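In what follows, a structure is listed as structure tokens, so that the remarks can point back to it.
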Amino acid sequence: MSQFDPQERNVSKARLTLRRWFPERQIIVRSGERVRSLKLSSASQVAVFAAGLAVGGWMAFSSAMFVGHEQIISAKNEEVDRVRSAYKGLLAQVSVYKERIAGITDSLERNHAHILSLVDQNLTLDTRLESMERELASTAQERDAIERKSADLAGQIKKLKSEIVTAASVGGDGEGAPPVALAAMDASDLVEEMGAVEIRRARASRERDALREELERLEADLGQAERGGDIIETDLDSIEVELRRVVLQRDLATAQREAMRKRVDALEKTIAGMERSQIELFTRFTDLAGDKIAEVETALSSTGIDLDALITKTQKRFGTGGPFVPSVPDGEEADPLKQSMNDAHLKLDRLDVLRRLTSTMPLAEPMKPGYRISSTFGRRSDPINGRAAMHEGLDMVSHYKSPIVAPGPGKVVYAGWRGRYGRLVEIDHGNGLRTRYGHMAKVLVKKGQMVETGTEIGLLGNSGRSTGAHLHYEVLVNGEPHDPMLFIKAGSDVFKG
């Protein structure tokens, strides 16, 4: 279009800049014998470019969020471990307090039993003391009666002695004998009775002394029991204070344990929410990657190549391997988060292999937009002799000496004249894929040269067996020719996003 095109006079500078950056493009679609073209306006190209930027930005943001969530989860897991260890320490302290309380309770029970036994013993001692006091009182009464009787007997003895003396001084030869004998008999009886009274009095005295010793012993035991009661009361007071302190510590530990349990529950809920968010994020990644994988595989399979064989060659070419370590041990169920991560990683690995494969394949157009197709791949009538022939390439017509570019990276294996092809360039793209470019006006590369996608390799011409300026473009897979239009269409489908 001319610089002074009247159609562009009223067009703003922004639209002119947009047209320069995004010129109108034309996509040629072949279906059977029909060839159709699809024109892409600048606005549609801008929309596709903006959509690509949006998707790329969203993926970068999602990746950053994923990394951030991993760091947050690791920090939360460390905090949960610290809280759990503190909780276990509190449980250990509570168990120690429980053991101490149990020991104090056993001591209290033993002291209580001892106090009850002392109280029973005190009651027994009181009973025995009362019975002994009653026995002492009765013994004292008997002693007084015996002393009175002994005094009476002593008076009678003195009276009898005096009577005997008087009778002996007054009586005759034998007149007074009977009274003397009778008095002697009475005196002996009285002596015997006095001896018996003395024996009873001595026995009563011994019993009284024994009772007094028993009473003193009982009073000593009672005093000791009272002192023991004071000691037990003192011990009970200290034990009660210790028990109250232990109970307060137990209540404090219980409150701290409940607070930590609530905190752990809150952290676990937060972690569960974050895990759900991560699972949703991984699921979205997996779905997007799966859709993209399906699109790429469908596009590549439409070229007629063995996709699985190419993927295997690509993996060997780039080098992968390592020991097999299952992500989930045998016999264990996979965690939902780990399972979603594994699924996402598998999809991303597959997508990465396809990306590396497509980066090495000739999927771009060998000419800039503006060309047209003059002859498709397949059977046709030969343009020179008119006979039926097999056309193993694609004829692309454009201006004479239009630039011809490499549709993918590779190595130039031929550059020069080759019979009916005229000036020819042949590029090896690896994995059994080669491309040929015939009828060139000029070759711009040399044999052995490495080229990248978009590298100019020659100029469109009319050399060799040709009826006019055009490019004869061939794609060979393991030496067999394939339709180049299928590769161009696959490239547009793969790189459109």
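Small disclaimer: the values here were computed from a predicted structure and weren't measured.
Put simply, CD on E297 and CG on L307 are 5.5 Å apart, with the number rounded to the nearest 0.5 Å. In this structure, CD1 on I488 lies 6.0 Å from OH on Y473, to the nearest 0.5 angstrom. L394 CG to E365 CD: the interatomic distance, rounded to the nearest 0.5 Å, is 10.5 Å. Between the CZ atom of R380 and the CE atom of M390 there is a distance of 10.5 Å, given to the nearest 0.5 Å. Once rounded to the nearest 0.5 Å, the distance linking NZ of K347 with OG1 of T286 reads 7.5 Å. Here the NZ-CZ distance, from K292 to R355, works out to 12.0 Å after rounding to the nearest 0.5 Å.
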Working note: R356 + D352, criterion salt bridge (Lys or Arg N to Asp or Glu O under 4.0 Å); need CA distance, chi angles, decisive distance, verdict.
CA-CA 6 Å; R356 287 183 291 183; D352 184 62; 3.4 Å; yes

Walk me through whether H429 and T360 qualify under side-chain contact (heavy atoms from CB on, under 4.5 Å).
CA-CA 6 Å; H429 302 278; T360 62; 5.9 Å; no

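Salt-bridge formation is detected for the pair D493/K489: a Lys NZ or Arg NE/NH1/NH2 atom is positioned less than 4.0 Å from an Asp or Glu carboxylate oxygen. Residues D287 and R284 are not paired through a salt bridge, judged by the lack of any N-O separation under 4.0 Å between the basic side chain and the carboxylate.
Closest approach of V413 and I427 over heavy atoms only: CG2-N, 4.4 Å. In terms of heavy-atom proximity, L471 sits nearest to G438 at CD1-O, 3.7 Å. In plain terms, the two heavy atoms of S466 and S463 that are nearest each other are CB-O, 4.0 Å. Here the closest non-hydrogen pair linking G393 and E474 is CA-CG, 3.9 Å. Closest approach of A469 to Y400, counting heavy atoms only: CB-CD1, 3.8 Å. When every heavy atom of G370 is checked against every heavy atom of S398, the shortest pair comes out as O-OG, 4.5 Å.
The shortest side-chain heavy-atom distance between L300 and L357 falls under the 4.5 Å cut-off. Contact of the D428 side chain with the R434 side chain is registered, since non-hydrogen atoms from C-beta on lie closer than 4.5 Å. At a threshold of 4.5 Å between non-hydrogen side-chain atoms, the residues M361 and F487 count as touching. Between I373 and M396, some side-chain heavy-atom pair lies under the 4.5 Å cut-off. You'll find the side chain of R350 reaches within 4.5 Å of the side chain of I311, heavy atoms only. For the pair P366 and Y437, the minimum side-chain heavy-atom distance is below 4.5 Å.
Donor-acceptor pairing under 3.5 Å is lacking for the side chains of Y421 and E426. No side-chain donor from either of H482 and T303 sits under 3.5 Å from a side-chain acceptor of the other.
For the side-chain hydrogen bond (donor to acceptor under 3.5 Å, both in side chains) with D382, the qualifying choice from H391, R387, R465 is R465, the only one to do so. Looking at L459, L460, L424, I457 one by one, the single match for side chain to side chain contact (heavy atoms under 4.5 Å, CB included) with M440 turns out to be I457.
Under the 3.5 Å distance criterion, the side-chain polar atoms of S302 are matched with a main-chain donor or acceptor of A299. At least one donor-acceptor pair closer than 3.5 Å links the side chain of N462 to the backbone N or O of G468. Panel note: side chain H439, backbone R423; no donor-acceptor pair is recorded below 3.5 Å. Side-chain atoms of N431 never come within 3.5 Å of backbone atoms of L433 as a donor-acceptor pair (strictly under, hydrogens ignored).
Heavy-atom contacts from other residues, nucleotides or ligands closer than 6.0 Å to CZ of R420 number 12 or fewer.
Applying the ring pair (Phe, Tyr, Trp, His ring centres under 6.0 Å) test to pairs two or more places apart or on separate chains, those with a residue in residues 32-54 are F22-F49.
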